[in-house]
Every structure is written in structure tokens, then in C-alpha cells.
Amino acid sequence: MEIVTYPHPTLRQQCEEITNIDDEIVQMADAMTEALFREEGLGLAAPQVGKPLRLIIVNVEEEFHVLLNPEIVEKGDRTELKEEGCLSIPGPHEEVSRALNVVVRGIDLKGNEVKLEREGTPARVLQHEIDHLEGTLFIDHLSETARSMALKEYRKEKAKH
Ligand SMILES: [Zn+2]
């Protein structure tokens with residue numbers, strides 16, 4: 001399964017809720033997991049493989065979750081500025097301000113409710129992946145200058161391949 005890169009149109013789509021966990025969804029999650037492990041990423045969202053559906057995978061600090069219809073139900077007031085990158089915008093890493101703590105709710109592939117209270121990097125990854133479901137990319141959180149520098153670096157990187 002290929003990971004699509006900026007400016008692929010799916011990356012800007014508002015993703016659809018998953019109402020039925022059928023074989024297609026399970027297979028998609030499997031293929032996404034494979035792609036994520038192959039790329040050694042921390043997270044992947046369905047729009048990054050060209051599917052505008054509300055499904056994310058996180059693989060961070062020995063945690064692994066497939067989350068369907070994830071939602072941030074609580075966000076702490078404290079923020080943290082840290083470098084972030086994205087498998088759909090390979091190359092640049094820029095500092096992005098995110099909430100330090102989040103509570104996320106979703107369902108797993110068996111349809112069970114999952115609630116995750118996370119801090120630091122796992123919280124950051126969850127916010128980054130859930131952003132993808134709204135068509136938001138990490139570069140959207142940057143200043144105009146930082147964004148154009150990041151995109152310049154990305155295009156340079158892309159031209160090499
Ligand atoms: Zn991303």
C-alpha cells in the first residue's frame with residue numbers, strides 16, 4: 001500500500017465516519033500497519049493511503065493502536081513545542097505547538113470503545129493523526145515563513161527521487 005504525498009487531494013478531504021467494520025476496513029488497517037512499519041513511522045491516517053475514512057494507526061513508545069472514528073474529547077491547557085514531520089510530506093521537520101495532554105476516544109477493530117489519556121509524544125501523534133481526518137496537515141500549524149521553508153525543503157527532497 002502506497003502512502004500518498006502532498007498535494008494529493010485526499011490529504012485535504014474531510015474524512016467520513018466508519019459505520020460498519022467490514023472486511024474491507026480490517027484489510028485496510030492491516031495494509032496501513034504494514035506501510036507504517038515499513039516506513040518506521042509513529043502514526044498513519046487513512047487519507048494518507050488515499051482513503052478518506054476516519055481511521056488512524058499510532059505506533060509510539062511501545063504502544064500500538066488502530067482507532068476508528070477517533071475524537072479528542074479533552075485537551076490540556078499546557079502546550080509543547082516540538083519537531084514534527086509527516087510521511088506524506090517527507091523531508092522537513094518543523095517545530096509545532098500542540099497540547100501536552102489529550103484524552104482521545106474511539107473504537108477498535110472489534111468495535112470496542114477505547115479511551116486513551118496521553119501526554120507528550122503519544123499525545124502529539126494522536127493530535128497529528130486526528131488532524132489528518134479533517135484535512136489538516138502539520139504545515140498548517142506553522143508560520144507563513146516556516147511553512148514555505150518546509151515546502152521548499154520537501155520539493156527539493158522530492159526532486160531527488
Ligand atoms: Zn502526517
Side-chain angles (χ1 to χ4, degrees), residues 1 3-4 6 8 10-22 24-90 92-143 146-147 150:
M1 183 175 260
I3 293 174
V4 302
Y6 182 85
H8 191 283
T10 321
L11 295 172
R12 287 305 192 189
Q13 253 175 283
Q14 171 83 29
C15 296
E16 269 175 52
E17 192 115 343
I18 295 167
T19 49
N20 183 21
I21 309 168
D22 54 16
E24 208 178 312
I25 296 292
V26 175
Q27 279 163 21
M28 183 176 91
D30 281 351
M32 281 174 64
T33 302
E34 222 179 280
L36 181 62
F37 287 171
R38 186 184 65 221
E39 301 295 332
E40 294 174 4
L42 303 181
L44 192 64
Q48 292 183 273
V49 294
K51 312 267 186 198
L53 295 168
R54 303 188 83 82
L55 187 152
I56 64 168
I57 297 180
V58 294
N59 176 45
V60 59
E61 293 183 358
E62 295 173 13
E63 282 195 75
F64 176 81
H65 300 282
V66 175
L67 280 182
L68 282 61
N69 306 330
E71 250 182 289
I72 296 173
V73 290
E74 254 179 83
K75 228 181 211 184
D77 293 332
R78 284 165 68 200
T79 57
E80 188 180 46
L81 196 63
K82 252 191 163 180
E83 270 196 0
E84 232 172 81
C86 180
L87 292 176
S88 292
I89 312 174
H93 285 80
E94 298 291 332
E95 285 193 325
V96 178
S97 173
R98 302 266 189 197
L100 185 60
N101 302 78
V102 289
V103 181
V104 169
R105 228 185 249 156
I107 51 174
D108 66 17
L109 281 174
K110 293 191 173 109
N112 300 315
E113 234 190 86
V114 179
K115 188 182 173 194
L116 302 173
E117 290 188 50
R118 293 294 181 272
E119 183 174 308
T121 305
R124 173 171 299 272
V125 174
L126 284 164
Q127 290 171 83
H128 178 115
E129 300 314 326
I130 292 171
D131 260 2
H132 272 300
L133 306 182
E134 306 300 328
T136 302
L137 301 169
F138 85 99
I139 51 170
D140 301 335
H141 294 285
L142 305 175
S143 70
R147 180 165 52 245

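Put simply, the side chain of D108 does not reach to within 4.5 Å of the side chain of V66, judged on heavy atoms. L137 has its side chain out of reach of D131: every pair of non-hydrogen atoms, C-beta onward, lies at least 4.5 Å apart. Between E84 and E94, every side-chain heavy-atom pair lies at or beyond the 4.5 Å cut-off. Between E117 and N101 there is no side-chain heavy-atom pair separated by less than 4.5 Å. Side-chain contact between L42 and R124 is absent, with no heavy-atom pair separated by less than 4.5 Å. Within the 4.5 Å cutoff, side-chain heavy atoms of L67 are placed close to those of L116. Considering only heavy atoms from C-beta on, P47 stays 4.5 Å or farther from Q13 through its side chain. Between C86 and Q48 the shortest side-chain heavy-atom distance falls below 4.5 Å.
For the atom pair E71 CD and I107 CD1, the distance stands at 11.0 Å (nearest 0.5 Å). Atom CZ of R12 is separated from atom CD of E134 by 12.0 Å, given to the nearest 0.5 angstrom. Atom CD of residue E39 and atom CG of residue L87 lie 6.0 Å apart, to the nearest 0.5 angstrom. Between D22 atom CG and Q27 atom CD the span is 9.0 Å, to the nearest 0.5 Å. Atom CD in E80 sits 5.0 Å away from atom CG in L100 (nearest 0.5 Å). The CG atom of L11 sits 9.5 Å away from atom OH of Y6, with the distance rounded to the nearest 0.5 Å.
Minimum interatomic distance between P122 and V60 (heavy atoms only, all atoms of both residues): CA-CG1, 3.9 Å. Shown here for A150 and I139, the closest heavy-atom pair between the two residues is CB-CG2, 4.3 Å. Minimum interatomic distance between A29 and I57 (heavy atoms only, all atoms of both residues): O-CD1, 3.6 Å. A pairwise comparison of heavy atoms in S97 and T79 identifies OG-CB, 3.7 Å as the closest pair. T10 and P52 make their closest contact through CG2-N, 3.8 Å (heavy atoms, listed as atom of the first residue, atom of the second, distance). The two atoms that bring T136 and H141 nearest to each other are CG2-NE2, 4.0 Å, heavy atoms only.
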Quiz prompt | Stepwise side-chain contact (heavy atoms from CB on, under 4.5 Å) check, I3 with L36 | solution = CA-CA 9 Å; I3 293 174; L36 181 62; over 6 Å; no
Quiz item: Can you check side-chain contact (heavy atoms from CB on, under 4.5 Å) on V58 and E63, steps first, answer last?
Solution: CA-CA 7 Å; V58 294; E63 282 195 75; 5.7 Å; no
Quiz item: Does the pair V49 and L44 meet the rule for a side-chain contact (heavy atoms from CB on, under 4.5 Å), with working shown?
Solution: CA-CA 9 Å; V49 294; L44 192 64; 4.2 Å; yes
Quiz prompt | salt bridge (Lys or Arg N to Asp or Glu O under 4.0 Å) assessment of K51 paired with E16 | solution = CA-CA 9 Å; K51 312 267 186 198; E16 269 175 52; over 6 Å; no
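Using a distance-only test at 3.5 Å, with no hydrogens or angles considered, no donor-acceptor pair links the side chain of D30 to the main chain of T33. At least one donor-acceptor pair under 3.5 Å links the side chain of N69 to the backbone N or O of I18. For the pair R38 (side chain) and M1 (backbone), a donor-acceptor distance under 3.5 Å is present.
For E24, the CD atom is loosely surrounded, since the number of other residues' heavy atoms within 6.0 Å does not exceed 12. Annotation: E74, atom CD; neighbour count of heavy atoms from other residues, nucleotides and ligands within 6.0 Å does not exceed 12.
Using cut-offs of 30° and 60° for the angle between ring planes, the H128 and F138 rings count as parallel.
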